[in-house]
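Quick note on labels: first sequence line is chain A, next is B, and so on, each numbered from 1.
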Protein chains: 2
Amino acid sequence: MPLFRSLAVIGPGLIGSSVLRRGKEMGTLADTLIAADISPAVLDRVRELGFADVVTDDMALAAQADCVMICVPVGAVEATARAILPHMRPGAILTDVASVRGKLGPTIQALLPAGVDYVPGHPMAGTEHSGPDAGFATLFENRWSLLVPPEGANELAIGKIQKLWELCGARTKILPDDKHDRICAMVSHLPHLLAFTICDTADNLSEEIRAAVLDYAASGFRDFTRIAASDPVMWRDIFIANKDVLLETLDRFVADAQGMAQAIRAGDEDAITSRIERGRAIRRTLIENRQA
Amino acid sequence: MPLFRSLAVIGPGLIGSSVLRRGKEMGTLADTLIAADISPAVLDRVRELGFADVVTDDMALAAQADCVMICVPVGAVEATARAILPHMRPGAILTDVASVRGKLGPTIQALLPAGVDYVPGHPMAGTEHSGPDAGFATLFENRWSLLVPPEGANELAIGKIQKLWELCGARTKILPDDKHDRICAMVSHLPHLLAFTICDTADNLSEEIRAAVLDYAASGFRDFTRIAASDPVMWRDIFIANKDVLLETLDRFVADAQGMAQAIRAGDEDAITSRIERGRAIRRTLIENRQA
């Protein structure tokens with residue numbers, strides 16, 4: 001028997017369409033897979049791709065599902081939840097995949113109708129592509145999905161969302177909101193900010209150097225631009241949503257970069273090498289943890 | 001007929017052993033391939049790997065070749081050239097693969113014995129691995145090799161080194177030293193400095209967060225650590241050799257990062273998106289130029 005009778009994904013983009021594709025392929029997520037969006041173009045494409053049983057722009061209809069998963073950009077999660085929640089049925093579970101928690105947990109918790117549980121999660125998976133065409137059924141395999149249920153959340157509902165991600169191939173872990181946001185600032189938000197910025201810096205160079213940079217992009221720069229190819233609106237929302245923690249992490253990074261600059265300026269070979277070696281230690285541990 | 005009667009590589013590491021492997025496979029680089037190094041362990045390994053006809057620790061012997069290619073870390077190029085040059089024969093060519101030019105060109109030019117030409121190049125290729133085991137014959141295929149001959153260098157010698165890199169599969173371009181160093185600061189040295197630093201920043205976090213970062217390393221951070229796995233001594237030398245240009249490029253980057261931080265702090269959505277979009281434009285051009 002599938003985990004849910006019906007599962008509705010609001011916003012079938014990279015993440016949402018991957019969940020639906022997984023559900024379609026395995027048959028174990030829900031009897032009925034629902035894709036809901038406000039964009040007619042997205043809905044047309046989802047119909048063509050054929051990974052949902054019901055394709056609708058009617059949020060009140062989608063809200064009838066046993067499990068409603070909000071997969072819209074971080075900045076739109078709260079508004080979407082406000083539109084969905086009044087139509088949800090007792091016993092149903094609301095979840096989302098917002099990659100920054102901020103005050104989202106307690107805010108949405110306070111809006112829940114009686115009998116509805118809220119168990120958000122953050123699947124740490126993705127590519128630089130977006131939209132319903134970008135998803136694939138194996139996107140979450142061997143990735144982490146971090147669950148961030150509000151305090152006092154229903155254990156049964158937590159178990160069901162945990163199971164949902166496990167059926168998608170992911171490992172799960174339960175974390176408090178603030179720890180989640182500090183970790184993600186370091187492993188994901190700061191790297192993206194730096195990647196966007198280095199492309200911006202290259203773009204600001206003189207025309208002659210800029211043209212040459214484009215001709216000779218070596219591996220270092222090329223890897224950064226791949227990260228920087230990600231969706232601008234999604235990342236703008238993430239940066240704003242995790243502003244305090246992200247800016248604090250950036251400050252630490254800039255201080256470390258200036259420490260390295262100072263060592264280079266002074267030609268202090270030992271200081272430079274020891275900073276480089278510390279980075280390599282992290283890399284080695286990642287390889288041992290099979291994350292690299 | 002091969003390009004040279006004999007080609008000596010001083011320092012058969014990632015780059016040098018790849019040139020020798022290419023020469024062994026194609027047979028078009030030289031009749032006799034010579035590998036020279038001061039490390040007995042390296043020489044033993046090179047003998048086992050079998051990609052050179054002559055394996056020696058005798059620099060005066062290696063210096064007898066028609067073409068001598070110095071493939072040691074940037075900081076050791078000048079000293080190696082000083083040891084080699086007195087033994088070189090008229091009509092021979094000295095080259096190197098130093099990835100920072102600085103004052104190397106005019107310095108070595110001034111030391112040349114009569115009849116010896118100096119045509120250095122910088123193959124923009126590599127991996128995060130090093131040593132004679134790390135090389136492979138196709139490393140330079142479809143990569144750029146930037147030639148930086150000193151002013152007034154012999155056109156015939158330039159043509160031969162150009163041909164050498166083309167036989168290795170690379171495209172070549174002739175550039176002045178200072179432009180070379182500004183381009184490489186942007187496309188290679190700064191990305192590596194940032195990658196080392198972000199690993200350092202992660203390493204400096206509290207034990208609890210650091211452990212979690214290692215558990216949940218998402219794609220952004222993981223990509224940085226791959227760059228940061230490169231050889232510390234090589235990068236230390238590069239950073240010091242290109243100090244002035246690199247630190248100036250880093251200053252621009254930090255200013256751009258602080259501009260982004262300011263936009264995030266202010267919640268200025270348009271400013272954030274326009275910075276992200278500029279980065280994406282660079283990415284698109286790279287894809288058009290088939291560099292991504």
Nearest 0.5 angstrom please: [X] [atom1] to [Y] [atom2], how far?
| X | Y | atom1 | atom2 | value |
| --- | --- | --- | --- | --- |
| B:I272 | A:I240 | CD1 | CD1 | 3.5 Å |
| A:D256 | B:C199 | CG | SG | 11.0 Å |
| B:H189 | A:I264 | NE2 | CD1 | 11.0 Å |
| B:T273 | A:F239 | OG1 | CZ | 10.5 Å |
| A:H180 | B:Y216 | NE2 | OH | 10.0 Å |
| A:Q258 | B:T197 | CD | OG1 | 10.5 Å |

(message) Going by the rule ring pair (Phe, Tyr, Trp, His ring centres under 6.0 Å), which residues pair with A:F140 if we only count those two or more places apart in sequence or in a different chain?
(response)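 For A:F140, the residues satisfying ring pair (Phe, Tyr, Trp, His ring centres under 6.0 Å) (neighbours in sequence not counted) are A:W165.
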(message) Among A:A263, A:A266, A:A261, A:C184, which residue has the highest count of heavy-atom pairs closer than 4.5 Å to chain B?
(response)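 Answer, by heavy-atom pair count under 4.5 Å with chain B: A:A261.
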(request) Could you have a look at A:D200, A:I183, A:L246 and say which one has the most heavy-atom pairs with chain B under 4.5 angstrom? (result)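 Sorted descending by pairs with chain B, the first entry is A:D200.
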Top contributor to chain A interface from [options] [non-hydrogen pairs under 4.5 Å]:
| options | value |
| --- | --- |
| B:D244, B:V254, B:T127, B:I209 | B:I209 |
| B:R210, B:M260, B:E269 | B:E269 |
| B:R275, B:R236, B:K179 | B:R236 |
| B:L190, B:T249, B:D251, B:I198 | B:I198 |

Contact summary for [X] and [Y], nearest pair of heavy atoms:
| X | Y | answer |
| --- | --- | --- |
| A:K243 | B:R265 | NZ-O, 3.3 Å |
| A:E277 | B:P232 | OE2-CG, 3.4 Å |
| A:A257 | B:L250 | O-CD2, 4.0 Å |

(message) Need one label for B:D270: side chain, backbone, both or neither, based on atoms under 4.5 Å from any heavy atom in chain A.
(response)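 For B:D270, there is no contact with chain A at all, as no heavy atom is under 4.5 Å.
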(request) Please state whether the side chain, the backbone, both or neither of B:N204 comes within less than 4.5 Å of a heavy atom of chain A. (result)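 Looking at B:N204, backbone and side chain both touch chain A.
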(message) I'd like to know whether CD1 of A:I174 has more than 12 heavy-atom contacts from other residues, nucleotides or ligands below 6.0 angstrom.
(response)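 It does: A:I174 CD1 has more than 12 such atoms within range.
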(message) Counting C-beta onward and ignoring hydrogens, is there a side-chain heavy-atom pair between B:M186 and A:F221 closer than 4.5 Å?
(response)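 They are in side-chain contact.
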(message) Just so I know, are the side chains of A:R252 and B:L205 near enough to count as touching, which here means a heavy-atom distance under 4.5 Å?
(response)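 Of all side-chain heavy-atom pairs linking B:L205 with A:R252, at least one is under 4.5 Å.
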(request) Go through the atoms of A:L194 and report whether side chain, backbone, both or neither lie under 4.5 Å from a heavy atom of chain B. (result)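 For A:L194, heavy atoms of backbone and side chain both lie under 4.5 Å from chain B.
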